[in-house]
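I have placed the structure first, in the form of structure tokens, so that the comments after it can refer back to it.
Values reported hereafter were calculated over all heavy atoms of this structure, with side chains retained and with hydrogens, waters and symmetry mates removed. When a residue number appears, it is its place in the shown sequence, counting from 1.
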Amino acid sequence: MSKAKPFIKWVGGKSQLIEKIGENLPADFVRCSVYVEPFVGGGAVMFHVLQNYKNIKRAIVNDINHELILTYNIVKNDSKTLIKRLSRIEDEFYNLENSEQREEYFLEKREMFNQKNSDAITTSSLFIFLNKTCFNGLYRVNSKGLFNVPYGKYIKPVICDTATLLADSELLQRVEILEGDFSQTVKYASKDTLFYCDPPYKPISETSTFNSYAKGGFCDNEQERLKKFCDEVSLNGAMFLQSNSSPEDGFFDSLYNEYRIEKVLASRMVNSVGAKRGKITELLISNYQNINQPQLSLF
């Protein structure tokens with residue numbers, strides 16, 4: 001049986017930071033029985049935690065992105081039908097003769113996806129197809145909420161990863177999947193709960209590109225609202241760990257000055273200029289001091 005892992009690429013995904021996140025989990029994480037992700041995205045941390053920490057008896061994930069959550073539910077509840085549909089799309093795509101035809105096929109599927117009138121299986125299969133064939137696996141919408149990422153020009157992307165989808169479907173049977181604003185997950189906060197928050201990052205400088213994962217984006221006011229959410233989580237006795245950017249203006253150092261802030265290096269993969277990709281400082285913010293030592297990490 002294959003290992004469960006993200007079935008989509010996701011900008012800011014945490015696969016590369018799993019070890020650092022593992023080192024920054026609370027030292028007594030084994031006492032927690034509930035795990036909550038208010039911004040699930042690609043779900044790398046969720047998949048890893050549920051496969052490595054048997055103390056987690058209940059997991060809740062949430063996201064405001066409707067198509068993403070719809071796809072999670074299809075992977076959980078109807079993976080075999082999804083695999084059949086994706087396999088057909090993959091065959092059609094591979095049989096096209098050249099890059100121009102593949103780009104035309106991509107644009108047709110993007111238009112169909114943006115019409116937002118397809119059934120759940122069609123929408124989720126289009127979501128995965130576009131994710132695997134668009135530029136850098138980026139999810140970005142315009143002011144009208146329409147997906148507008150261009151074709152990625154990959155030679156032969158894996159569109160239907162059957163083994164991963166089946167493994168993910170099995171693991172997701174243990175997960176409650178919610179759609180909506182992150183604030184709705186505060187009701188799960190208790191002394192037995194760990195929240196892992198991975199919100200859309202604040203741009204690190206005025207020249208950085210901001211990518212909207214949902215119509216309206218995630219501005220500084222939203223970051224401040226998330227801080228209040230973390231305060232409430234703490235007041236209810238839960239622990240939280242948050243990933244975020246390390247902007248030049250020290251925004252988070254000031255905003256979370258009463259919490260623990262750890263700086264870590266991560267790879268920047270989304271940039272149209274290859275020379276600007278590389279290591280970048282990110283933040284891990286938490287409301288606890290005692291963390292896993294590297295040699296004790298289960299990751």
Side-chain angles (χ1 to χ4, degrees), residues 12 14 17 20-41 43-46 48-50 53-65 69 174-202 213-214 216-247 249-264 282-293 296-298:
K14 292 300 174 290
L17 274 180
K20 281 294 181 183
I21 290 171
E23 292 171 8
N24 280 272
L25 290 173
D28 57 347
F29 180 46
V30 290
R31 74 171 174 81
C32 291
S33 59
V34 181
Y35 176 79
V36 182
E37 275 203 45
F39 309 85
V40 67
V45 177
M46 176 268 294
H48 214 107
V49 164
L50 291 183
Y53 291 92
K54 303 306 180 185
N55 50 294
I56 299 300
K57 305 303 180 186
R58 186 183 187 191
I60 300 99
V61 300
N62 175 81
D63 207 280
I64 201 169
N65 186 309
I69 292 301
R174 301 164 51 194
V175 180
E176 298 171 49
I177 303 170
L178 308 178
E179 178 187 339
D181 187 76
F182 65 87
S183 62
Q184 71 174 325
T185 62
V186 74
K187 63 187 177 184
Y188 299 101
S190 74
K191 61 181 179 61
D192 299 319
T193 307
L194 175 75
F195 283 75
Y196 172 63
C197 300
D198 186 25
Y201 279 15
K202 176 180 169 64
Y213 299 93
F218 205 82
C219 62
D220 284 0
N221 288 339
E222 291 295 284
Q223 296 286 358
E224 291 168 357
R225 191 165 66 90
L226 175 58
K227 196 270 182 179
K228 293 178 181 177
F229 169 85
C230 290
D231 290 341
E232 188 173 356
V233 162
S234 298
L235 286 172
N236 288 335
M239 294 183 287
F240 79 82
L241 175 64
Q242 179 188 156
S243 303
N244 219 312
S245 62
S246 182
D249 61 4
F251 178 85
F252 294 112
D253 297 280
S254 175
L255 187 63
Y256 287 92
N257 62 1
E258 71 267 45
Y259 293 113
R260 177 181 172 273
I261 300 177
E262 177 81 8
K263 293 188 176 182
V264 297
E282 293 190 4
L283 304 179
L284 290 175
I285 305 165
S286 60
N287 65 343
Y288 49 85
Q289 295 296 324
N290 297 320
I291 62 172
N292 271 334
Q293 295 300 310
L296 298 178
S297 174
L298 296 183

> At what distance, to the nearest 0.5 angstrom, does CG of Asp231 lie from CG of Leu226?
Replying inline: 9.5 Å

> Do the non-hydrogen side-chain atoms of Phe229 and Val186 ever get within less than 4.5 Å of each other?
Replying inline: yes

>> Go through it in stages, so that I can follow the logic: the residues are Ile56 and Val49, the test is side chain to side chain contact (heavy atoms under 4.5 Å, CB included), and I'd like the CA-CA distance, side-chain angles, deciding distance and then a yes or no.
In response: CA-CA 8 Å; Ile56 299 300; Val49 164; 4.0 Å; yes

>> Distance check, rounded to the nearest 0.5 Å: Phe252 atom CZ versus Tyr201 atom OH?
In response: 9.0 Å

> Is the shortest heavy-atom distance from the side chain of Leu17 to the side chain of Val264 under 4.5 Å?
Replying inline: yes

> Do you know the tightest heavy-atom contact between Lys57 and Lys54?
Replying inline: NZ-O, 3.0 Å

>> To check you understand the geometry: which heavy-atom pair defines the closest contact between Pro38 and Cys197, and what is its length?
In response: CG-SG, 3.9 Å

> When you look at NZ of Lys14, are more than 12 heavy atoms from neighbouring residues, nucleotides or ligands closer to it than 6.0 Å?
Replying inline: yes

> Is there a donor-acceptor pair under 3.5 Å between the side chain of Asp249 and the backbone N or O of Phe251?
Replying inline: yes

>> side chain to side chain contact (heavy atoms under 4.5 Å, CB included), that's the test. Do Phe39 and Gln242 meet it? Break it down for me.
In response: CA-CA 10 Å; Phe39 309 85; Gln242 179 188 156; over 6 Å; no

> So, do Arg225 and Asp181 sit near enough that their side-chain heavy atoms are less than 4.5 Å apart?
Replying inline: yes

>> Please check if the number of heavy atoms outside Asn290 that lie under 6.0 Å from its CG is greater than 12.
In response: no

>> Which heavy atom of Asn287 sits nearest to which heavy atom of Met239, and what is that distance?
In response: OD1-CA, 3.4 Å

> Is the closest side-chain heavy-atom distance between Gln184 and Ile60 below 4.5 Å?
Replying inline: no

>> For Tyr35 versus Val45, what's the shortest heavy-atom pair and its separation?
In response: OH-CG1, 3.1 Å

> Would Asn55 and Arg31 count as a side chain to side chain contact (heavy atoms under 4.5 Å, CB included) if you check the C-alpha gap in whole Å, the side-chain angles of each, and the deciding distance to 0.1 Å?
Replying inline: CA-CA 7 Å; Asn55 50 294; Arg31 74 171 174 81; over 6 Å; no

>> Does the plane of the ring in Phe240 sit parallel, tilted or perpendicular to the ring in Tyr256? Use 30° and 60° as the thresholds.
In response: tilted

> Is there a donor-acceptor pair closer than 3.5 Å between any side-chain N or O of Thr193 and the backbone N or O of Tyr188?
Replying inline: yes

> Any side-chain heavy atom of Leu194 within less than 4.5 Å of one from Pro26?
Replying inline: yes

>> Checking Asn62 against Thr185: is there a side-chain donor and acceptor pair closer than 3.5 Å?
In response: no

> Distance from Glu224 atom CD to Cys219 atom SG, nearest 0.5 Å?
Replying inline: 8.5 Å

> Does the pair Leu283 and Lys263 meet the rule for a side chain to side chain contact (heavy atoms under 4.5 Å, CB included), with working shown?
Replying inline: CA-CA 5 Å; Leu283 304 179; Lys263 293 188 176 182; 3.6 Å; yes

> Backbone N or O of Lys202 within a donor-acceptor pair of the Ser245 side chain at under 3.5 Å?
Replying inline: yes

> Shortest non-hydrogen contact from Ile21 to Tyr196?
Replying inline: CD1-OH, 3.5 Å

> Of the non-hydrogen atoms in Tyr259 and Ser286, which two are nearest, and what is the gap between them?
Replying inline: CB-O, 3.3 Å

>> Would you compute the distance between atom OH of Tyr53 and atom OG of Ser33 and round it to the nearest 0.5 angstrom?
In response: 15.5 Å

> Checking Glu37 side chain against Met46 main chain: does a donor-acceptor pair fall under 3.5 Å?
Replying inline: yes

>> Do Gln223 and Asn244 have side chains that approach each other closer than 4.5 Å (heavy atoms only, starting at C-beta)?
In response: yes

> Is the shortest distance from a Lys or Arg side-chain nitrogen in Lys20 or Glu23 to a carboxylate oxygen in the other one below 4.0 Å?
Replying inline: yes

> Looking at CG of Leu284 and CD1 of Ile291, how far apart are the two atoms once the value is rounded to the nearest 0.5 Å?
Replying inline: 9.0 Å

>> Within this structure, what is the CD-NZ distance for the pair Glu232 and Lys228, rounded to the nearest 0.5 Å?
In response: 11.5 Å

